[in-house]
Amino acid sequence: MNVPGMSRKDLDIARQHELRALLAAVLSMERPTPCIGDIRFITDAPDVQSAAAQECPDCPVFAQCRAFGLAYPSEAGVFGGLTESLRSS
């Protein structure tokens with residue numbers, strides 16, 4: 001995320017706040033999200049990330065997760081069905 005007038009420190013604080021909110025949403029689900037405990041979502045292998053991303057659309061926090069991934073494309077892993085390479089392109 002790049003917001004004119006925000007310092008790097010403020011951006012880092014915003015990112016941490018949004019990530020905490022996303023994790024809280026994931027952990028509050030009655031059923032587990034596809035990514036919980038699945039290393040495929042955080043691997044460096046693009047083909048493995050692509051396969052894992054196919055499980056995202058049915059996730060109850062899909063929209064929030066995708067918004068986070070788009071706002072912070074340099075975060076490692078799959079967010080909202082988007083791999084690192086898709087978010088950075």
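Keep in mind that what you see is a predicted model, and the values were worked out from it rather than measured. Residues take their numbers from the sequence shown, with the count starting at 1.
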### Query
If you look only at pairs with a residue in residues 10-66, which of them pass as a ring pair (Phe, Tyr, Trp, His ring centres under 6.0 Å), with sequence neighbours excluded?
none
### Query
Who pairs with Ala25 by side chain to side chain contact (heavy atoms under 4.5 Å, CB included), at least two apart in sequence or on another chain?
Val61, Gln64
### Where Cys59 and Thr33 come nearest, the two heavy atoms and their spacing
SG-CG2, 3.6 Å
### Task
Would you please name every residue forming a side-chain hydrogen bond (donor to acceptor under 3.5 Å, both in side chains) with Ser50, sequence neighbours left out?
none
### Query
Shortest non-hydrogen contact from Asp44 to Gln49?
CA-NE2, 4.5 Å
### Message
To check you understand the geometry: which heavy-atom pair defines the closest contact between Cys56 and Gly80, and what is its length?
### Response
CB-C, 4.1 Å
### Task
May I ask you to decide if Ile39's main-chain N or O and Thr43's side chain share a donor-acceptor pair within less than 3.5 Å?
no
### Task
State which residues pass side chain to side chain contact (heavy atoms under 4.5 Å, CB included) with Glu75; sequence neighbours excluded, sorted by chain then number.
Arg15, Phe68, Tyr72, Phe79, Arg87
### Task
Indicate, with yes or no, if Leu86 and Leu70 share a hydrophobic cluster defined by side-chain heavy-atom contacts under 4.5 Å among Ile, Leu, Val, Met, Phe, Trp and Tyr.
yes
#### Entry: side-chain hydrogen bond (donor to acceptor under 3.5 Å, both in side chains) partners for Arg66, two or more places apart
none
### Message
Suppose we screen for salt bridge (Lys or Arg N to Asp or Glu O under 4.0 Å). Which residues come up paired with Asp38, at least two apart in sequence or across chains?
### Response
Arg40
#### Entry: From SG (Cys65) to CG (Leu82), nearest 0.5 Å
8.5 Å
